[in-house]
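Numbers restart at 1 for each chain; the letters A, B, ... are given by sequence-line order, proteins then strands.
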2 protein chains.
Amino acid sequence: MADRPRNPTIIDVARLAGVSKSVVSRVVSGRGSVGEETRRRVLRAAEELGYVVNAVARAMVAHRTYTVGAFVRDAATPFYGHLLTAMQERAAFHGYRVVTATGSGGFEVSDEYRALETLAMLRVEALIVCSGLLPSEQILPFAARLPTVVAGRPETHPSITSVYCDEDEGGTTLAGHLLDLGHREVAVVTVPASSSVTLGPRTAAMTRRLRERGARVLEIPGPHRETAGAWATEVLRHPEITAVMAPSDRHAIALMEQLRLRDVAVPERLSVTGYDGIGDLTTSLIGLTHWRQPIDLIGSRAVDALVRLLDGEQPPDHHQVLNGTLVVGRTTAPPTG
Amino acid sequence: MADRPRNPTIIDVARLAGVSKSVVSRVVSGRGSVGEETRRRVLRAAEELGYVVNAVARAMVAHRTYTVGAFVRDAATPFYGHLLTAMQERAAFHGYRVVTATGSGGFEVSDEYRALETLAMLRVEALIVCSGLLPSEQILPFAARLPTVVAGRPETHPSITSVYCDEDEGGTTLAGHLLDLGHREVAVVTVPASSSVTLGPRTAAMTRRLRERGARVLEIPGPHRETAGAWATEVLRHPEITAVMAPSDRHAIALMEQLRLRDVAVPERLSVTGYDGIGDLTTSLIGLTHWRQPIDLIGSRAVDALVRLLDGEQPPDHHQVLNGTLVVGRTTAPPTG
DNA sequence: TTGTATGCGTTATCAC
DNA sequence: GTGATAACGCATACAA
C-alpha cells in the first residue's frame, strides 16, 4: 500500500474535541454515559475528521467481530449466489455481518481449504460452509474451534450442524414422475459421490428408484457440463431410451442444447429432467421439469441455526432436512411409440 | 457468543515449545531467522495446539490487511455473481483476499451505504464497488480515504477509477441491428437514469439511435421485471410495433414469458432484444439476441487497476471502457407484413 | 460524568 | 539466533 494519510483514531478525535479518548470511545460505541454537550462536541469532531470506527482494533479487545464467515463454492453458480443473498439478509436481521470467501472457481479442494483458513484468520465468530465439493473431514477441524453450519448439502456428521434439502427424496420423486408417465428405458447422467455430495446422491437415488420399479437404466458418467455433447451421442446410440435425467438444471440445459443441435424433439422423442429450480433457468420459456430446492429457506434456517449456536444453545434440530417440490414443466411427457 | 475455549496465541505456542513469543512470531510469519531445530519444535507445538494466526492482531500492528473489499449489489444477480468470481480469482492472483459485502437485496441506497461502511470498518485496503444503484456522490467520501475502483458501470467522476463496458455503444449497436433488419416501429422498455446508471443510459441510447435513424419509438417505463405483464399488454395495444428492446436479458426473458402466455410468436410477430450476455440466460435454447459484456475482463481489469492504485501508481487508464459484442440469436428477424 | 491505566495478539526494534 | 519491550487502536474497570 502506498503511504497515505493515516486514518484518524479516537485519539485524534479526542484531541480535537478536547476530551479524553475514553469519552470518544463511549460516544462512538454507544455504551456508558456521556454528557449531552460533550457528546455533541465529540460527534462534530469525528465528523470533521472523517473518523470511522476501526473494527479491527475493536475486535481485538472485545473478542468479538459480529462477523460470520460464509464460504461458498462459486458465487457465479446461481445456487450459491442465491444462497449467499439469503444468508446475508438473515444475518443482517440478527445483527451480524457476513464476509464471504469463495474458492478460485477451480475444482481444487486445497483452494477451498485455504479459503476457510482465510476466514478463520479473520476471526469470524462462526462459519457457514456451502460447497458440494469439500469433504466433511476437511471441515471438522474448523468445526471443532468455531460454530459451524453446513448449508445446502447433506451433512450428517454428528459434530456438524446442517441444513439441507433431502437429495434422496428429490431424486426419488423425479424418477417416480418419469415412471408414472410410463418411461421404462431411462438414461441418468450420473455423478460419483466422491466428486459432489449433492449431485452424487441425487443421481444415485434416481437410478435406484428407477431400477426398483423395474425400469432399465443407462448410466452416463457426466460430472462436467462440457461433455454434454457426448451424453447426447451416447443416449442417441440407444434408441429404446425415452427419457434422460440430469443431475442439475444446468446439466439439463446443456444436454438440451446438444439435443437441439441434433434435431431431437423434447419431450416428444426424449423427456428431460433437471434439478435445483434456482434462478434464471426456471423460466417458463424453457419449462424444464425439475426438483425445486427451497433455497431461501435453507439460507435463513442455516443462519438461524448458527445464531443459536453462537448463543450457546445446542439447536435441537441438529440436522434440518427441508422439503423440496416437484415442478412439472413441458420437458417431460409420456413416451411415444 | 457463548464462552468457548480461547483460541491459542503465540504465547501459548511459545510456552509449549519452550521459547519466547518472538521466535514463534518469526516462525509463523516467515520473517527473520530462526534455528532449524527451534523452528521444528515451534511448528510442532503450533500443530498440537491448533494454532491459527490472528489476522486481526496482525493487521493491527502491520497496518495492512491484504484484504480488498468488494461491494456487490446482489450476488443472486448473475451479472454480479460472475463479476464477484472474476474479481476473487484475480485478487488471489495478486495475493489479496476479497471480503464481500452485499446490500440486503432491497433497493435501498442507505443499505448499500451501510455495507460500504462495514467494509471500511473492517479496514480493507481498497474498495471495489459494483452497483448500478449507488450514486457517485455516495462513493466519493470512501474514495477519498481508500483506493476505490468502480466496476461494471459507467463512472466518469475524475476522482474515481473505473472499468466498464460502454453502455452507449451497446444500446446503439442493438438498435442498429433492429434498424438494419427493417424495423421502424419499436418499443423500448426504459429505465430512468436515476434508478440505474447502467440500465438507464443503455435504454436511452437505444431510444436515441432508433429516432436518429427515423424509427418511431414507444417508451415503456419498466424498472421492475415484475411488471412485464403490463409491458406486454402495452406493446400489443400498438399493432404497428414489430420489435421490443429490453434493458437486460432478464427483462427480455420476463417479457418473452408474458408474450408466450399471450401466444405471441417471437420473432415472427415481435422481435425481442436483451442485454448483458451473462450466465444461464445465454443458452442457445432461447437464442436471445443481446449485447454481451466482457464480464470476466471487467472483473480482472478492475482488480488490476486496484492493485496499481495500492502500489501507489496512478493508472494511466483512469477510466477503462471495454468493448462488448453483439450476439445475434433467434429472437430477432425482419418485420413481417 | 470524566479521565487514567491496562490488556487484547501480533510485529518490529532493539539489545543480548 | 534469541528474548525483552514498545507500539497498534480500542474497550473497560476503576479512580477521581
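- Nearest to the side chain of B:V34, among D:dT2, C:dG9, D:dC10, sits D:dT2.
- The salt bridge (Lys or Arg N to Asp or Glu O under 4.0 Å) contacts involving residues 11-21 of chain B comprise B:R6-B:D12, B:D12-B:R15, where partners must be two or more places apart or lie in separate chains.
- What separates CD1 of A:I11 from P of C:dG3 is a distance of 14 Å, to the nearest Å.
- For the pair A:R58 CZ and C:dG9 P, the computed distance is 18 Å after rounding to whole Å.
- A:A70 pairs by the side chain to side chain contact (heavy atoms under 4.5 Å, CB included) definition with A:L84, A:M87, A:V98, A:T100, not counting sequence neighbours.
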Residues 147-159 of chain A, side-chain donor-acceptor partners within the protein, below 3.5 Å, at least two apart:
from: A:T148; atom 1: OG1; to: A:L146; atom 2: O; distance (Å): 2.8
from: A:R153; atom 1: NH1; to: A:S131; atom 2: O; distance (Å): 2.5
from: A:R153; atom 1: NH1; to: A:L134; atom 2: O; distance (Å): 2.5
from: A:R153; atom 1: NH2; to: A:L134; atom 2: O; distance (Å): 2.8
from: A:R153; atom 1: NH2; to: A:E155; atom 2: OE1; distance (Å): 3.0
from: A:E155; atom 1: OE1; to: A:S136; atom 2: OG; distance (Å): 2.9
from: A:E155; atom 1: OE2; to: A:S136; atom 2: OG; distance (Å): 3.0
from: A:E155; atom 1: OE2; to: A:H157; atom 2: N; distance (Å): 3.3
from: A:H157; atom 1: ND1; to: A:S159; atom 2: N; distance (Å): 3.2
from: A:H157; atom 1: ND1; to: A:S159; atom 2: OG; distance (Å): 3.0

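- Between the C1' atom of D:dG9 and the CD1 atom of A:I10 lies a distance of 6 Å, rounded to the nearest Å.
- Regarding B:L122, its CG atom lies at a distance of 14 Å from the P atom of D:dC10, rounded to whole Å.
- Side-chain nitrogen and oxygen atoms of A:S25 include none within less than 4.0 Å of the OP1 or OP2 phosphate oxygen of D:dC10.
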Please list each protein N or O that sits under 3.5 Å from an N or O in nucleotides 3-5 of chain D, with the distance.
from: D:dG3; atom 1: OP2; to: B:S20; atom 2: N; distance (Å): 3.1
from: D:dG3; atom 1: OP2; to: B:S20; atom 2: OG; distance (Å): 3.3
from: D:dG3; atom 1: N7; to: B:R26; atom 2: NH2; distance (Å): 3.1
from: D:dG3; atom 1: O6; to: B:R26; atom 2: NH2; distance (Å): 2.4
from: D:dA4; atom 1: N7; to: B:S22; atom 2: OG; distance (Å): 3.2
from: D:dA4; atom 1: N6; to: B:S22; atom 2: OG; distance (Å): 2.8

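- For A:T67, the side-chain hydrogen bond (donor to acceptor under 3.5 Å, both in side chains) partners two or more places apart in sequence, or in a different chain, are A:R97.
- Contact record, B:Y51 with B:P8: CD1-O, 3.4 Å, taken as the closest heavy-atom pair.
- Computed from coordinates, the B:D12 CG to C:dT10 C1' distance equals 13 Å when rounded to whole Å.
- Qualifying salt bridge (charged side-chain N to carboxylate O under 4.0 Å, His left out) partners for B:R301, counting only residues two or more places apart in sequence or in other chains: none.
- Closest to the side chain of A:R31, out of D:dG9, D:dT12, C:dT11, is D:dT12.
- The stretch residues 46-63 of chain B participates, sequence neighbours left out, in no salt bridge (Lys or Arg N to Asp or Glu O under 4.0 Å) pair at all.
- What separates CZ of A:R64 from C1' of C:dG9 is a distance of 19 Å, to the nearest Å.
- In this structure, A:Y51 atom OH and D:dG9 atom P are separated by 10 Å, rounded to whole Å.
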Encoded 5' to 3' (Watson-Crick or G-U under 3.5 Å; [ ] crossing; | other strand), DNA chain C becomes |.||||||||||||||

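- In the model, B:D74 has no side-chain atom that pairs as donor or acceptor with a side-chain atom of B:T102 under 3.5 Å.
- Mapping B:A62 and A:V24 onto DNA chain D via the closest heavy atom, the residue that lands nearer the 5' end is B:A62.
- For residues 29-39 of chain A, the pairs satisfying salt bridge (Lys or Arg N to Asp or Glu O under 4.0 Å) are A:E36-A:R40, A:E37-A:R41, with sequence neighbours left out.
- Atoms CE (B:M60) and C1' (C:dA12) sit 15 Å apart, rounded to a whole Å.
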